[in-house]
Amino acid sequence: MKILLAEDDAGISDMLKSFLETEGFEVVTAYNGESACQKFFLDNYSLVLLDLMMPGLSGMEV
């Protein structure tokens, strides 16, 4: 299962990615709203985890 993780805080992003990968998920990360939108349309994801307060586009705007 592929997950798109959009989180601008590198520490939180790394922690979540590490946890999810140890559980067997494939994780693609984005560090801002624009990057999250681009990656979302490039591939199919089973789950998208969005930070609501990201730079550029917020999670709600994405």
Side-chain angles (χ1 to χ4, degrees):
M1 181 173 358
K2 188 181 282 191
I3 296 174
L4 175 58
L5 171 62
E7 167 62 59
D8 62 318
D9 184 303
I12 293 172
S13 182
D14 291 344
M15 178 194 60
L16 288 170
K17 181 178 181 182
S18 177
F19 173 76
L20 291 166
E21 287 177 337
T22 60
E23 294 299 317
F25 297 101
E26 180 181 348
V27 181
V28 176
T29 56
Y31 296 101
N32 59 53
E34 292 87 2
S35 176
C37 280
Q38 290 172 349
K39 291 178 180 188
F40 178 78
F41 289 110
L42 288 177
D43 210 340
N44 292 320
Y45 298 95
S46 299
L47 178 67
V48 178
L49 297 174
L50 291 169
D51 179 3
L52 292 179
M53 296 176 59
M54 289 186 292
L57 294 174
S58 71
M60 293 298 287
E61 292 171 312
V62 172

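Just so we're clear, the structure is a prediction, and the values are computed from it rather than from any experiment. By convention here, the first residue in the shown sequence is residue 1.
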Pairing residues for Glu34 by the side chain to side chain contact (heavy atoms under 4.5 Å, CB included) criterion, not counting sequence neighbours: Asn32, Leu57
Return all side-chain donor-acceptor pairs below 3.5 angstrom for residues 41-54, not counting sequence neighbours, or 'none' if the list is empty.
| residue | atom | partner | partner atom | Å |
| --- | --- | --- | --- | --- |
| Asp43 | OD2 | Lys2 | NZ | 2.3 |
| Tyr45 | OH | Lys39 | O | 3.3 |
| Asp51 | OD1 | Met53 | N | 3.1 |

Residue pairs meeting side-chain hydrogen bond (donor to acceptor under 3.5 Å, both in side chains), one or both in residues 6-15, sequence neighbours left out, come to none
Pairs under 3.5 angstrom only: tabulate donor-acceptor contacts from the side chains of residues 15-31 to other protein residues two or more places apart or in another chain.
| residue | atom | partner | partner atom | Å |
| --- | --- | --- | --- | --- |
| Thr22 | OG1 | Ser18 | O | 3.4 |
| Thr22 | OG1 | Phe19 | O | 2.7 |

What is the minimum heavy-atom distance between Val62 and Ala36, and which atoms define it? CG1-CB, 4.5 Å
